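First listed ligand is number 1; within each ligand, the first listed atom is number 1. In this text the structure is predicted, and so the values were computed from the model without any measurement.
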Amino acid sequence: MNLLEIKGPEFLKTLSIKELNELADEIRSFLIDSISKTGGHLSSNLGVVELTIALHYVFNSPEDKIIFDVGHQSYIHKILTGRAKDFDTLRMYQGLSGYQKRNESVHDVWEAGHSSTAIAAVAGFELAKFYNQTKEKNIAIVGDGSLNSGLSFEALNYLGHQKNMSPIIIINDNEMSISKNVGRLAKLLNKTRANKFYNYATKTKRKLPKFLYRWKVRIANMIRGFANNLTIFDEFGFSYYGPIDGHDIKNLVKFLKLIKNKNRPVVLHVVTKKGKGYLPAENDKTGMWHGVGPFNKETGEFLNKNKENFTSWSNIISEYLLRYAENNADFRIIIPAMITGSGLIEFEEKYPDKIIDVGICESFSVCFSAALALRGIKIFLPIYSSFLQRAYDQIVHDLTRQEAKIVIGIDRSGVVGGDGETHQGIYDIAYLKHIPNIEIVQPSTALEAQSLLNYAFNVAKDSVAIRYSRNSVLKYDGEALEEIIYPSWTLKNNHGKANLIAYGDNFQRLVDYVESNNLPINLINARFIKPMDLDLLDLLIEDELPLYVLEDVTKISGLGSSILEYISHLHKIKNVTIFGLPDEFILQGNQEEIYKQYHLDSESIVKEILK
Ligand SMILES: Cc1ncc(C[n+]2csc(CCOP(=O)(O)OP(=O)(O)O)c2C)c(N)n1
């Protein structure tokens, strides 16, 4: 069938199981073809083709609410709800979102991007259902990786003892988070998967009359209970079904129909293969195929390559960490589920005992790191800027208040591209700069990254958060390092008519632009965002030239606002203009497009200054 002509999921109800299977094949080819051109979350979607078809076959969206945790695996849902025609704009500026998006479709009833919110959302929807006296079903589809997070468990804890609620939680168990799933829960799911007896009891329903079948399941449960074999979900108060094969539409439909009619909290455990139907993705152990850029679908070759001599900031940082680990026996990396994205695969191969993946548990990772640091272990904690939002209280309450010292790598800071507003790294300066006992730095070159990391590990007495973006950067070629022993900025004096303060990639971008156009603008590299270099700042305030500040974050509470606060404490008046992102959520699009939209591109900035 022509997927582009699908208007909504109703047509599924008229199809036979054979036709549903044929549709699954077509959707799989469409996904591989389309994502190979645009990039996107390939593996996770290939794993839930049959499950999503079966969900829309059995339930009636939008009355029934289908909520995908994270939402990165909702592409099939998008296709079945009439959005296949927009896939050539997936994750692009003003294009189709890579996550569920309420303004895209009535079938998207909840938005995410960060993990582990779906069960909590279903809890809210269920209580609202009780208040509103309505009858819809609320369904959360949660990956085994996202289940690890405390937030998922807080919601299970609430729901499991509710008498008047009938939430449906579908565990999509592919044994993978982005890479291999970790922790005790992963082991428990393994154990449950291996529990053949229960599986047998639930699979044989059809052969027995209903009352006998009920007894059979009850006895199976009792035996499991005696053998201490109850699943964690039974213990939490849910009726547990499964595990079942998530690629067998017929069986999926059977079980979904069964749980649809339950009037109590239900968990259906579905086992899927991440990357199903595309061999390189099926065989992927490290998570390379979880989220991809464009690729050649015949050969599996990735098409986006770094420019010659350029590499990612994550790689620059991880090369430093490899060297640091060599010389520091008491050094460890704590990481919440992002080894691949953080460029740490090589580190893990070389030092498997020195890197601890705690799963998608950002708050835990900060608390845990603080305790390790208090016991003398040197810690580097890489977290994407937007995911660190989850750990705000642990940074205040556990880390900095106790004066524990760690180095936090704030990866994906600034504007991030296709992941859109849930992933923009534009709040970290605001949520960190008012906390005592933490410094914030950002390098503008690979060389400066080495100096700042040396400073962070060897000189600073406080915790240091080092920001770096998802851009690529010219490689470090072994030039002599600057030794940074106190928070200092640097100045490129071009005998200009204005002073412009910037940090990180933006500083380098403006240096390139100003120098190649020979423009009369002095550039200050504010590599310490907190604390600021007050000696240089005092000079800039005294200077008669106007002062401009370029942020790669929201204008509210960035470096510019720190400078204005400082000026007001001095009771001085100074004309300062801040270029930064406005007080609104910044949608998906590459950095160039977003900068252009908000007049943060080099040309607009310079034009404004020279006006
Ligand atoms: C709070 C948070 N941390 C990290 C991520 C990055 N992330 C996106 S998907 C994913 C793995 C999710 O694994 P799972 O729930 O098992 O889903 P799968 O992709 O395997 O289907 C991670 C770590 C995120 N989206 N949100």
Give the atom numbers and elements of ligand 1 that come within less than 4.0 Å of a heavy atom of [X].
X    : answer
D144 : 16 (O)
E362 : 1 (C), 2 (C), 3 (N), 4 (C)
K274 : 18 (P), 19 (O), 20 (O)
N174 : 18 (P), 20 (O), 21 (O)
R390 : 1 (C)
N172 : 21 (O)
G145 : 13 (O), 14 (P), 15 (O), 16 (O)

Counting both backbone and side chain atoms, is some N or O of V70 under 3.5 Å from an N or O of ligand 1?
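No, no N or O pair falls under 3.5 Å.
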What do you reckon, does H72 have a nitrogen or oxygen under 3.5 Å from a nitrogen or oxygen of ligand 1?
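Yes - when backbone and side-chain N and O of H72 are compared with those of ligand 1, one distance drops under 3.5 Å.
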State whether the side chain of [X] and the backbone N or O of [Y] hold a donor-acceptor pair below 3.5 Å, judged by distance alone.
X    : Y    : value
Q402 : D398 : yes
K378 : A373 : no
T89  : D86  : yes
S318 : G343 : yes

Give me the ring orientation class for [X] and [Y]: parallel if the planes are under 30° apart, tilted from 30 to 60°, perpendicular past 60°.
X    : Y    : result
Y392 : H434 : tilted
Y99  : H423 : parallel
Y384 : F387 : parallel

Would you mind checking which non-hydrogen protein atom is closest to [atom], with the distance to 0.1 Å?
atom                    : answer
atom 15 (O) of ligand 1 : S146 OG, 2.6 Å
atom 7 (N) of ligand 1  : I178 CD1, 3.9 Å
atom 13 (O) of ligand 1 : S177 CA, 3.4 Å
atom 26 (N) of ligand 1 : S115 N, 2.9 Å
atom 23 (C) of ligand 1 : I360 CD1, 3.5 Å

Is the positively charged end of K297 above the ring of Y278, judged by distance under 6.0 angstrom from the centroid and angle within 45° of the axis?
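No cation-pi geometry.
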Working to the nearest 0.5 Å, report the span between NZ of K433 and CD1 of I440.
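Nearest 0.5 Å value for the NZ-CD1 distance: 8.5 Å.
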Winner among Q73, H290, Q389 once heavy atoms are compared against atom 8 (C) of ligand 1
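Shortest heavy-atom distance from atom 8 (C) of ligand 1: H290.
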Just to check, does G113 reach to within less than 4.0 Å of ligand 1 when the distance is taken from its heavy atoms?
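Flag set, G113 near ligand 1.
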Sub-4.0 Å heavy-atom approach of G47 to ligand 1
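Under 4.0 Å: no for G47.
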Taking the side chain as every heavy atom from C-beta outward, state whether R467 and I529 have any atom pair closer than 4.5 Å.
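R467 vs I529: side chains touch.
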Are K65 and E126 close enough for a salt bridge, meaning some N to O gap below 4.0 Å?
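Result for this pair is no, no salt bridge flagged.
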